[in-house]
Amino acid sequence: MYFYEVALLNSPLQLLTYAFDKQIQERLVVEVTLQNRSLHAVIIKCCEQPSFKTTLITSITLEEYSSKQLKMAQFIAYYYFCSLGEALNLFVPFNNETLTSTSVQRTKSKITLSSMQLEALSFLKKAPVSLLFGDTGAGKTEIYMKRFEEVIAEGKRVLFLMPEISLTPQMQIRLEEHFGDAVVMWHSKVTKSQKKKLLAKIYDGSAKIIAGARSALFLPIDDLGLIVVDEEHDDSYKANSRPRYHARDMAIYMGKLHSVDVILGSATPSISSYVKFPHYRLRGGHFGSERHFEFEPCREEITARVEDAIVQTKAKGEQAMLFIPTRANFKYLICESCGHTHSCPYCSVGMSVHRKSNAIKCHYCNFSERIPSVCTACGHDMLSSNRLGTAEAVLHFEERYPDIRVGQFDRDAISTQTKLKKLLKAFNAKEIDLLIGTQMLSKGHDYHDVTLAVILGLDNQLNMSDYRAREKALSLLIQIAGRSGRKHASRVLVQSYNRAFFEPYIGKYEKFLDDEKLFRVGMYPPYKISTYFIRS
Ligand SMILES: [Zn+2]
Ligand SMILES: [Zn+2]
């Protein structure tokens, strides 16, 4: 009899010991039972017969994790504090069935780079991890694609990470136009049957470019030649459930493990990447258009100036976008008599008002209640809502300006990939005049005819008690502004009392990064806390 320590997939338990009458290779997936339940587990190592009674392994599957996957999982378990079984469960194992490639690769278009893009391309090959710090519209994607061509020519594959929401049909078309069948797009909204097809292409080797959201890190690829993390500053790279890994950091670890180059790309790189890695500054947009910034000193409010700007844009047959950091109708419900804020009984955070469903909802745990008619603390009936949300802004324009066609772009309205596709298609076909949305607006989409960007509530971001608040607020402003004026000159209207902070950094993000570095040295990441600080 042989004895094995196994990791139970998706279980917080530590390694358990099982027995089998034959020898089993390490890292194979097996079936075991635990308290009459059948579970999948991974053979970690062979061990001595323990003093306690052991159960037999039920069966052996054809699935197997690679030694690199296991190493990465061990790192995740250690660094992000979870069991090995939980970490391994993130990965898709290799399949030992033999598969042969059926699809043919085709390249259609030709990528021609400018001299600056060529310079960037050669810069990115000099260090194991480098940062492509390129303005929106400056042609980062073409540089990536040229590099992909080279990697594929060497017989290797590419892992191309993007924030989930940037995995748009636009990007897919762009990649497929050039690389045809060799492209696989992997994200959480891919259906089970689609996943099976995509995995088959990964197993048989015909998928050369594996583009995906953070979960693509865990696909079974062992002949990797390059990793690209686009929009590397994006917060959605941090997993929001256990294990809470950071996909950008894991990509860097993975690059080391596979000895391949990692390229990080962004128009507003994170300070940590800017400090840690060499960067190439790719300036200017191809579009050569101009952006005019104006500031209105107020909190999130649809003022006459905002309305005018939107009405004028519509009159010219152009498109506008309006950013608000909050979804729902209002962020808080407050009693005007005692000041009580209605908050979630489980999370102690203010609950948001959703008029459509007549409910107040917690955006952390999804707990919801009917909108109360009186204050739950003092019984007074003067309840007021504050902090405008996207749904309320949509209503505002629909009620007052019925001829303006409004689209809502947030997690409430865009719950599926189909809805995302539909909305982007309608907006690009100019069937929508005004797109109102949250952070989602700022993520890597190409809108060609937006000539007005209105940004509300930026001060909420700036005033958050987070050492990254300045970085987040400024990067948000630049990312949203970057969505406008891609073909024509555009107007960017920003509501903020902090013009003095924002204005000097517009078009000079590197100046901000250099100034901000000084604030962080010795106190905040990416720097270590100074010993002086620990002692005092
Ligand atoms: Zn009250
Ligand atoms: Zn809650």
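All ligand and atom numbering here is 1-based and tracks the order in the structure. Computed over heavy atoms, backbone and side chain alike; hydrogens, waters and symmetry mates excluded.
Applying the 6.0 Å contact sphere to OH of Y527 captures more than 12 heavy atoms from other residues, nucleotides or ligands. Taking a 6.0 Å sphere around NZ of K195, one finds it holds more than 12 heavy atoms contributed by other residues, nucleotides or ligands. Atom NZ of K238 has more than 12 neighbouring heavy atoms from other residues, nucleotides or ligands inside a 6.0 Å radius.
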Can you give each donor-acceptor pair under 3.5 Å made by side-chain atoms of residues 293-302, sequence neighbours left out, with the distance rounded to 0.1 Å?
| from | atom 1 | to | atom 2 | distance (Å) |
| --- | --- | --- | --- | --- |
| E294 | OE1 | R305 | NH2 | 3.1 |
| E294 | OE1 | R491 | NH2 | 3.4 |
| E294 | OE2 | R491 | NE | 2.4 |
| E294 | OE2 | R491 | NH2 | 3.4 |
| E296 | OE1 | T303 | OG1 | 3.0 |
| E296 | OE1 | Q495 | NE2 | 3.1 |
| E296 | OE2 | T303 | OG1 | 3.0 |
| E300 | OE1 | N460 | ND2 | 2.9 |

Expected list for residues 423-434: side-chain donor-acceptor pairs under 3.5 angstrom, two or more places apart:
| from | atom 1 | to | atom 2 | distance (Å) |
| --- | --- | --- | --- | --- |
| N428 | ND2 | L424 | O | 3.4 |
| K430 | NZ | G317 | O | 3.0 |
| D433 | OD1 | R405 | NH2 | 2.9 |
| D433 | OD2 | K314 | NZ | 3.2 |
| D433 | OD2 | R405 | N | 2.8 |
| D433 | OD2 | R405 | NE | 3.1 |

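Take a cut-off of 2.8 Å around the Zn ion (ligand 1): the protein N, O or S atoms inside it are C335 SG, C338 SG, C375 SG, C378 SG. Of all protein N/O/S atoms, those under 2.8 Å from the Zn ion (ligand 2) are C344 SG, C347 SG, C362 SG, C365 SG, and waters are not counted.
For the residue pair E307 and Y401, a side-chain donor N or O sits within less than 3.5 Å of a side-chain acceptor on the partner. At a cut-off of 3.5 Å, with distance as the only test, a side-chain donor of S273 or E232 sits close to an acceptor on the other residue.
When atom types are taken as modelled, the side chain of T438 and the backbone of D410 share no donor-acceptor pair closer than 3.5 angstrom.
The pair K472-D466 meets the salt-bridge criterion, since a charged nitrogen lies less than 4.0 angstrom from a carboxylate oxygen.
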